[in-house]
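This report concerns only the one structure given below.
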Amino acid sequence: MFNLVVVGLGYVGLPMALRAAEVGHRVVGLDVNEQTVAALNVGRSHIGDVSDDYLSGLVESGGFSASTSPECIEAADVVLVCVPTPLSEDGGPDLRAVESAARTISRHVSPGTLVILESTTYPGTTEEVFAPLVLGDRHRLDDDVTIAFSPERINPGDRTYGVQNTPKVVGGLSQASTDAGYDFYATFVDVVVKAKGAREAEMAKLLENTFRHVNIALVNEMVRFCDELDIDLWDAIDCAETKPFGFMAFRPGPGVGGHCIPVDPSYLSHRVRAKLGYSFRMVELAEEINHAAPIYVAEQVQLQLNEAGKPVRGSRVLLLGITYKADVADMRETPAWAISERLRRWGGHVQYHDPYVPVWPRASGAGMDRMESVPDPYAAAGEADLVVLLQEHSEYDLDKVAAHAEIVIDTRGVLPRGNNVHPL
Ligand code: SAJ
């Protein structure tokens, strides 16, 4: 078994750390947030998919502990880096957390340690940014430190796939590093896949999520002209989905949110443009289409109110489900924001309901203001001039939504069709 240090105890690092502890590795979670570390050490989880019971069992057994002290790296056989790489101003990944972690590791790492970066980033980061900072002028690759990349595949809210049963890709800066990464992950992940190298492992992740981004953009563009051609794209997708091979269904929506799909592909287009001087047109077009989706929804609101002889100005519009996807509490890059802002700019009175978001703090042009979720979505639907279903949270009774709403724009194509229901 290994002494493992996991740097960054968020939605990726904590599940990885605890799964490794489950099989007997001695795991220290290293994080800069003292409150997070203190809470974890008393069995309180800040990650929705990690229960307090699961965590406290591993804390009490001594398999897992959390710390803010980087000295724990000195005893590590393996160090995983699972820190955030948010989008930076220039469209690439903000690598400051990765660089900080690499410098910290460099100061404390012992000979024989395997260091693996899991944070999503552009191909070449491990070789050109991460490794030089880890190695510094004191360590040599393979002689005393092996370095690899392994894309994170943690899927928040997924009840089927977790760390153990999601195949793990790993690619090193040398064959020895790849092999060391394989041997490590194979102790607690059912299927481990060796990539040719770190770049291929970095690229695999971006390909996975660029694939989704581009295909979501495809249907987000098709839904516009299908509407004008009086073609029910939702039905066409259902039909296409019966093909047992060679097709994967994506469906139109109000826009692409989350911390992966709208972000990861731009790392790739940023890298291509920065290194090669030309654009990755598919991604840039997909970004353009998906960024426009929320405005298309606002325009559909305007159109349907117009059909009812009502201007947007002064009309009450209820948004149902404002997180970035159904049954998650995550608001990152949610399309609800752009929709709400556009309707308010047109003079609409916007309300919302979301069981996961009791209060919606919003930094709008008028400074930080806040909205509260209406208590009863069905009563609010009955009082609104128009309802927009953005996220089909499982707790919503879709029949009741359709029954109470005078007009409803169904951005998910899930409501029972009626004269008052208008799918995108
Ligand atoms: N969306 C659509 N139409 C679709 C699918 C998604 O509009 O057909 C929208 C969603 O509403 C959401 C955004 O796109 O706003 C992203 O949705 P997603 O289903 O891709 O969910 P994410 O962002 O949580 O993506 C994660 C990814 N997991 C990892 O990166 C480890 C992704 O690779 C997974 O495929 C996805 O979860 C999943 O399948 O749940």
Side-chain angles (χ1 to χ4, degrees), residues 10-13 15-16 47-49 82 84-87 93 118-121 150-163 165-169 189 201-224 233-234 236-238 240-241 247-268 286-287 289-294 296-297 319-339 354 356-357 388-394 410-414 423-424:
Y11 79 91
V12 174
M16 292 299 292
I47 300 296
D49 289 343
C82 305
T85 49
L87 204 54
E118 293 213 350
S119 307
T120 303
T121 182
S150 177
E152 62 90 358
R153 282 179 167 171
I154 302 296
N155 203 18
D158 193 322
R159 299 280 178 267
T160 306
Y161 293 104
V163 174
N165 65 352
T166 301
K168 198 84 168 96
V169 170
V189 180
E202 290 161 331
M203 180 60 87
K205 169 73 176 182
L206 296 185
L207 174 58
E208 290 161 20
N209 286 350
T210 299
F211 161 76
R212 291 184 71 76
H213 192 68
V214 169
N215 280 283
I216 293 164
L218 173 66
V219 291
N220 278 344
E221 183 171 28
M222 289 180 73
V223 80
R224 290 171 173 243
L233 179 63
W234 300 92
I237 293 167
D238 291 344
E241 197 172 27
F247 180 77
M248 177 186 276
F250 290 86
R251 288 175 169 81
V256 175
H259 51 278
C260 299
I261 307 308
V263 175
D264 298 350
S266 60
Y267 294 168
L268 206 42
E287 282 170 352
I289 292 168
N290 287 337
H291 284 159
Y296 178 68
V297 171
L319 306 181
L320 288 185
I322 62 169
T323 58
Y324 86 86
K325 76 174 182 179
D327 297 333
V328 296
D330 198 330
M331 292 285 282
R332 281 176 287 189
E333 308 290 325
T334 178
W337 161 248
I339 295 167
D354 193 306
Y356 296 91
V357 188
V388 188
L389 178 68
L390 294 175
Q391 305 302 340
E392 70 282 22
H393 293 313
S394 302
D410 176 7
T411 71
R412 296 297 177 182
V414 293
L424 272 190

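Each ligand, and each atom within it, is numbered from 1 in the order the structure gives.
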Taking 4.0 angstrom as the limit and counting only heavy atoms of [X], give me the atoms of ligand 1 inside it, by number and element.
| X | value |
| --- | --- |
| R153 | 31 (C) |
| G255 | 15 (O) |
| F250 | 8 (O) |

To the nearest 0.1 Å, how far is [atom] from its closest protein heavy atom, and which atom is that?
| atom | value |
| --- | --- |
| atom 33 (O) of ligand 1 | N209 OD1, 2.7 Å |
| atom 30 (O) of ligand 1 | K205 NZ, 2.8 Å |
| atom 38 (C) of ligand 1 | N155 ND2, 3.4 Å |
| atom 13 (C) of ligand 1 | G257 O, 3.5 Å |
| atom 12 (C) of ligand 1 | Y324 O, 3.3 Å |
| atom 19 (O) of ligand 1 | R212 NH2, 2.8 Å |
| atom 5 (C) of ligand 1 | I216 CD1, 3.7 Å |
| atom 3 (N) of ligand 1 | R251 O, 2.7 Å |

Can you check whether [X] reaches [Y] side chain to side chain, under 4.5 Å on heavy atoms?
| X | Y | value |
| --- | --- | --- |
| Q391 | V328 | no |
| R153 | Y161 | no |
| S266 | L87 | yes |
| S119 | V12 | no |

Any idea which of E152, R412, K325 brings a heavy atom closest to atom 7 (O) of ligand 1? R412
Ligand 1 contact by A293, heavy-atom criterion under 4.0 angstrom: no
Determine, step by step, whether E152 and C82 satisfy the side-chain contact (heavy atoms from CB on, under 4.5 Å) criterion, reporting the C-alpha distance in whole Å, the side-chain angles of both residues, the deciding distance to 0.1 Å, and the verdict. CA-CA 8 Å; E152 62 90 358; C82 305; over 6 Å; no
With distance as the sole test, does N290 use its side chain to make a donor-acceptor pair with the main-chain N or O of N220 at under 3.5 Å? no
Minimal non-hydrogen separation, Y356 against T323, with atom names: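 Closest heavy-atom pair between Y356 and T323: CB-CG2, 4.1 Å.
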Evaluate the side-chain contact (heavy atoms from CB on, under 4.5 Å) criterion for residues D264 and T210: first the C-alpha distance (whole Å), next the side-chain angles of each, then the deciding distance (0.1 Å), finally the verdict. CA-CA 7 Å; D264 298 350; T210 299; 5.8 Å; no
Take Y11 and H259 through the test side-chain contact (heavy atoms from CB on, under 4.5 Å) and record every step on the way to the result. CA-CA 11 Å; Y11 79 91; H259 51 278; 3.0 Å; yes
